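Let me begin by presenting the structure, written as structure tokens, before commenting on it.
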Amino acid sequence: MSKFANSPALQRFLRALGTGEKLSGGELRSRAGSEMKPAQREKLLDAGLLVVDKTGRGYVYRLTDDGMSFVVEELDGPLEAPPVHDADRLSDKERIALFALLSPSLQLSTAEIKRTLGITIGPAVRASLRDRDLVVVLDRPIRLELTEKGWQVAALELERPAAPNDPPTLKLLHHQSRQWLSTLRERGVGLIDLYTQAPAPEATPTAEPPRTVGARVIEAYEDLVGTPGGWVGLARLREHLADVKRDELDEVLTALFRDGRIKLITEVNQKTLTQADRDAALHVVGDDKHLYAVG
């Protein structure tokens, strides 16, 4: 093969178009795995293998007859077209969120999932899963609980192959889960059975673990707030948690703020601030914050 022997990218574009379809730029990128650059487009046009039509701000691509012959005779034939998108299937982010909620715990906070798994379940994903009746969303702090339907859909999704554009880790999960779920089914065990907590043997009572500073910040809000949904001064919070070092409390407040578990604002009327309020302020997002609320 003389043409494009040293350009796997151009070969892949040609093979992606080798089914004879017209593909938009996005469709070609999805099938070929990369965006066609202007210089690459010009090479294929100059070779007489490609036809490009302008549509609005984008392009539509198709092969010429010579291009089709080149794919068949010189390359390994066209790339296999991806399966038709299943509009009812959960997106990769929705499936990842659903799988992250498989746990013996009835409820998991989004902050806990972020901390333990590194997975962020954003508002759009939460709303979509809630609207599909797969999860119950609870506030203050934000917690998620799988519904009965959620467990069923999670099991069904784990038994299905991955989608073509899924990230590699999710593809691996689908690949592995299809095998062990099949084995479990043969033994009469369902997905939920894996996460059902068996009665624990009686054990010698142990001391209750100390509460984290983050949990104490959340609890302190309920104790200090004057009206539901109101704001609490950081000076009052610091006084309430006087046993916590300043640096540690600052770090926890910053993490809770970034996780969306608390809100921080600047006091608009600066004249009302005392010196204690100013000293207690937390500098974050380029500004001093004086008040916080949970939710």
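Position 1 is the first residue of the sequence; numbering continues from there. Worth saying up front: this structure is predicted, and the values here are computed from it rather than measured. Side chains are part of it too, since the values below use all heavy atoms of this structure and drop only hydrogens, waters and symmetry mates.
Interatomic distance, Leu63 CG to Leu44 CG, rounded to the nearest 0.5 Å: 8.5 Å. Distance check, rounded to the nearest 0.5 Å: NZ of Lys289 to CD1 of Ile265 gives 8.5 Å. Rounded to the nearest 0.5 Å, atoms CG (Asp66) and CG (Leu50) are 12.0 Å apart. Here Leu256 contributes atom CG and Leu264 contributes atom CG; the two are 9.0 Å apart, rounded to the nearest 0.5 Å. Distance check, rounded to the nearest 0.5 Å: CD1 of Ile119 to CD1 of Ile96 gives 6.5 Å. The distance from the CZ atom of Arg41 to the CG atom of Leu10 is 12.5 Å, given to the nearest 0.5 Å.
Residue Glu148 qualifies as open at atom CD: its count of foreign heavy atoms under 6.0 Å is 12 or below. In this structure, Asp65 places its CG atom where only 12 or fewer heavy-atom neighbours from other residues, nucleotides or ligands lie under 6.0 Å away. The number of heavy atoms from other shown groups lying within 6.0 Å of CD (Glu239) does not exceed 12.
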Applying side chain to side chain contact (heavy atoms under 4.5 Å, CB included), run through Arg62 and Val52 and close with a yes or a no. CA-CA 7 Å; Arg62 62 181 175 87; Val52 180; over 6 Å; no
Evaluation steps, salt bridge (Lys or Arg N to Asp or Glu O under 4.0 Å), between Arg31 and Glu21: CA-CA 12 Å; Arg31 190 175 299 185; Glu21 301 170 83; 2.8 Å; yes
Walk me through it: do Asp92 and Lys171 pass the test salt bridge (Lys or Arg N to Asp or Glu O under 4.0 Å)? CA-CA 10 Å; Asp92 57 344; Lys171 287 183 176 180; over 6 Å; no
Using the rule given for salt bridge (Lys or Arg N to Asp or Glu O under 4.0 Å), can you reason through Asp250 versus Arg238, listing the C-alpha separation, both sets of side-chain angles and the distance that settles it, and then say yes or no? CA-CA 10 Å; Asp250 285 356; Arg238 293 189 189 280; 2.7 Å; yes
Dump the intermediate steps for side chain to side chain contact (heavy atoms under 4.5 Å, CB included) on Val60 and Val51, then the final yes or no. CA-CA 8 Å; Val60 172; Val51 175; over 6 Å; no
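Salt bridge Asp279/Arg246: absent, no basic N to carboxylate O contact under 4.0 Å.
With hydrogens and angles ignored, the 3.5 Å screen pairs a side-chain donor or acceptor of Arg143 with a backbone N or O of Asp139. For the pair His290 (side chain) and Glu267 (backbone), a donor-acceptor distance under 3.5 Å is present. Within the 3.5 Å criterion, the main-chain N or O of Gly77 finds a donor-acceptor partner in the side chain of Arg15. Put simply, the side chain of Asn269 gets close to the backbone of Lys271: a donor and an acceptor are under 3.5 Å apart. Proximity of a side-chain donor or acceptor of Asp131 to a complementary backbone N or O of Ser128 within less than 3.5 Å is not detected. Between the side chain of Thr64 and the backbone N or O of Gly48 there is at least one donor-acceptor pair closer than 3.5 Å. A side-chain donor-acceptor contact under 3.5 Å links Glu94 to the backbone of Ser91. Counting only distance, with no hydrogens or angles, the side chain of Arg236 and the backbone of Leu224 share a donor-acceptor pair below 3.5 Å.
Across every non-hydrogen atom of Leu101 and Leu108, the tightest pair is CA-CD1, 4.0 Å. Closest of all the heavy-atom pairs between Ala276 and Ala235 is O-CB, 3.9 Å. The shortest non-hydrogen separation linking Gly18 to Pro78 is C-CB, 3.4 Å. The two residues Val217 and Tyr292 make their nearest non-hydrogen contact at O-OH, 2.9 Å. Taking both residues in full, the closest heavy atoms of Trp231 and Val225 are given as N-CG2, 4.4 Å, listed atom of the first, atom of the second, then distance. Nearest heavy-atom pair, Leu146 versus Trp151, reported as atom, atom and distance to 0.1 Å: CB-NE1, 3.6 Å.
Cluster annotation: Leu170 and Leu172 are assigned to distinct hydrophobic clusters (Ile/Leu/Val/Met/Phe/Trp/Tyr, side-chain heavy-atom contacts under 4.5 Å, transitive).
Checked against side chain to side chain donor-acceptor pair (under 3.5 Å), Glu35 has the following partners two or more places apart in sequence or in another chain: Arg29. Lys93 is linked by a side chain to side chain donor-acceptor pair (under 3.5 Å) to nothing, counting only residues two or more places apart in sequence or in another chain.
The closest side-chain heavy-atom distance from Gln40 to Lys37 is below 4.5 Å.
Side-chain atoms of Asp133 and Thr147 form no donor-acceptor pair, as typed in the model, at a separation below 3.5 Å. A donor-acceptor contact under 3.5 angstrom links the side chains of Asp277 and Thr274, judged on distance only. Of the N and O atoms on the side chains of His283 and Asp288, at least one donor lies less than 3.5 Å from an acceptor on the other residue. Side-chain polar atoms of His174 and Arg95 form a donor-acceptor pair below 3.5 angstrom.
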